[in-house]
2 protein chains.
Amino acid sequence: MESKKISKSVLKRLPGYLAYLKTMPEGSAPHISATALANALGMGEVQVRKDLAMVSDGGRPKIGYQREALIDDIEQFLGYDNTTDAILIGAGKLGQALMAYSGFDEYGLNILAAFDANPKMSRTEEGKPVYNVSKLEQFCRTHKVLMGIITVPAEHAQSVADQLIAGGIKAIWNFAPTHLDVPPGILVQNENMATSLAVLSVHLKAQIKEEKETKK
Amino acid sequence: MESKKISKSVLKRLPGYLAYLKTMPEGSAPHISATALANALGMGEVQVRKDLAMVSDGGRPKIGYQREALIDDIEQFLGYDNTTDAILIGAGKLGQALMAYSGFDEYGLNILAAFDANPKMSRTEEGKPVYNVSKLEQFCRTHKVLMGIITVPAEHAQSVADQLIAGGIKAIWNFAPTHLDVPPGILVQNENMATSLAVLSVHLKAQIKEEKETKK
DNA sequence: AATTTATCGATTATAACATATCGAATGGAT
DNA sequence: ATCCATTCGATATGTTATAATCGATAAATT
């Protein structure tokens with residue numbers, strides 16, 4: 001089962017399973033079937049089974065998967081079991097919100113420090129240091145940081161990305177609503193709110209249109 | 001060209017084009033070709049052309065698209081030209097960050113008010129009212145709000161969603177890391193950071209593994 | 001012990017999607 | 001005025017993701 005090649009769509013569904021498994025009450029049965037999971041999350045049972053088969057092999061007919069073991073398997077697959085260090089650039093509103101979000105530990109993510117062009121404080125509310133952006137590249141090197149989180153305005157995002165890459169970063173989590181040009185081997189994950197909004201907006205438009213037509 | 005059926009993948013790419021077109025300097029040529037766009041954003045030129053053909057028909061050989069007209073076409077298609085009202089539930093760190101984000105106007109989104117189970121203030125920094133969550137359903141009805149933004153902890157998300165739907169909401173933008181059960185016709189757009197993290201995390205794991213193997 | 005039932009896992013089929021290729025049209029160059 | 005380069009648009013191919021089908025297995029029941 002271990003890795004080889006995994007489709008990105010599967011990857012995006014795994015956290016969903018994980019979250020559901022974890023929120024199951026303590027008293028529930030120690031086993032859960034792929035079918036049950038599928039029903040709970042409103043997806044096809046075949047798809048769920050296939051996804052689970054990619055990361056685990058503990059499925060037994062009539063019984064299902066052992067919940068604890070399955071959780072462990074998914075977490076291990078997603079790399080949530082060993083923490084990765086990251087830094088955040090852009091200590092604005094969004095940046096601070098992310099720094100304050102305590103849930104990242106759960107996903108094996110540890111934000112070491114924040115950087116800003118004009119640091120208004122030396123430490124965040126949570127006690128994480130805030131440095132001037134000029135220290136960025138050097139910090140990456142000395143701490144061997146592999147992930148950078150960009151929460152700066154769009155016009156500065158590319159420049160920040162370049163500095164991160166120069167510092168040896170391998171993955172970028174980009175919250176700036178702009179395209180980043182990066183060399184191959186560097187992964188950019190865009191958390192673009194504009195795309196989500198587009199989906200919602202078009203849906204609403206269709207919905208309203210439909211309503212008008214049924215009224216006729 | 002107008003609507004009919006549009007694939008979700010196309011939809012997600014359109015905001016990228018739009019953002020790039022808008023950031024082009026004033027002095028640049030009034031026309032742009034699909035080829036140029038493709039190169040700038042690092043995508044296939046055929047795909048870009050196909051996408052643009054879905055929303056516009058102003059493409060002319062040798063010239064390309066008129067930039068202004070293309071921007072208008074995309075914005076109209078995405079519904080950015082007429083604003084839609086929305087409300088936000090959960091005035092925590094993330095919720096406040098979203099309220100403070102001024103860029104939403106540009107996408108035709110107008111957040112009317114925020115709701116919280118324990119409002120700590122009656123107004124946000126931006127002057128938007130903050131109500132108790134008990135007023136939620138009534139507010140939706142009287143203001144005919146169609147979109148709700150959920151930024152409450154995962155355990156309360158489903159309950160909030162139910163109230164929104166009871167109030168007549170048609171689209172939900174869900175920032176809570178949990179699955180929401182909704183009746184058909186209601187769209188849930190999950191802005192799940194966990195999925196993005198999963199993609200990044202697995203990439204990093206593969207990257208590290210690769211490095212070790214090349215060192216051998 | 002045999003049968004039934006529920007579930008996993010593999011195989012196959014379908015559909016969506018991205019990519020490549022080709023012809024047509026247009027504006028600029030010669 | 002003719003030719004050429006560029007770009008759009010449409011068609012065709014390959015790839016990938018999704019869905020449906022089938023057999024096998026293990027527990028529960030009779």
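No experiment lies behind these values; they were computed from the predicted model shown. In what follows, chains carry the letters A, B, and so on, assigned in the order in which the sequence lines appear, proteins first and then strands, with residues in each chain numbered from 1.
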Below 4.0 Å: OP1/OP2 of D:dC8 and any side-chain N or O of B:Thr35:
yes
Whole angstrom value for the distance that separates C1' of C:dC8 from CD of A:Glu45
10 Å
CD of A:Gln66 versus C1' of C:dC8: gap in Å, rounded?
16 Å
What is the distance from CG of A:Asp51 to P of D:dT18, rounded to the nearest Å?
8 Å
Take nucleotides 20-30 of chain D nucleotide by nucleotide from the 5' end and write B, S or -, depending on whether a protein heavy atom sits under 4.0 Å from the base, only from the sugar-phosphate, or from neither.
B----B-S---
Comparing nearest nucleotides in DNA chain D, the 5'-proximal residue of the pair B:Ile32, A:Gly44 is B:Ile32
Atom pairs and distances, donor-acceptor, side-chain atoms in residues 96-114 of chain B, under 3.5 Å, two or more places apart:
from	atom 1	to	atom 2	distance (Å)
B:Gln96	NE2	B:Ala91	O	3.1
B:Asn110	ND2	B:Asp85	OD1	3.3

Results of side chain to side chain donor-acceptor pair (under 3.5 Å) for B:Arg67 - residues two or more places apart only:
none
If you only use heavy atoms from C-beta on, which nucleotide in C:dT7, D:dC8, C:dA18 is closest to the side chain of B:Gln47?
C:dA18
Length of the OH-P vector between B:Tyr65 and D:dT7, whole Å:
13 Å
For the pair made of CG in B:Leu70 and P in D:dC8, what is the distance, rounded to whole Å?
10 Å
Are any of B:Ser7's side-chain N or O atoms less than 4.0 Å away from OP1 or OP2 of C:dA16?
no
Please give, in whole Å, the distance from D:dA19 C1' to A:Arg13 CZ?
12 Å
What is the distance, rounded to the nearest whole Å, between atom NZ of B:Lys12 and atom P of C:dA16?
16 Å
Rounded to whole Å, the NE2-P distance (A:His31 to C:dC8) equals 12 Å
Could you grab the distance from atom OG of B:Ser159 to atom CD1 of B:Ile150, nearest 0.5 Å is fine?
9.0 Å
Could you work out, with side chain to side chain donor-acceptor pair (under 3.5 Å) as the rule, every residue matching B:Glu126, not counting sequence neighbours?
B:Thr124
Can you list the residues that meet the side chain to side chain donor-acceptor pair (under 3.5 Å) rule with A:Thr23, with sequence neighbours excluded?
none
Pi-cation contact, A:Phe77 with B:Lys205 (under 6.0 Å, within 45°):
yes
Under the ring-ring contact (aromatic ring centres under 6.0 Å, His included) rule, collect the residues that match up with B:His143, sequence neighbours excluded.
B:Phe139
Kindly say if A:Ser9 contacts the phosphate of D:dT18, meaning a side-chain N or O under 4.0 Å from OP1 or OP2.
yes
Give B:Gly59 one of three labels, base, sugar-phosphate or nothing, depending on what nucleic acid heavy atoms sit under 4.0 Å from its own.
sugar-phosphate
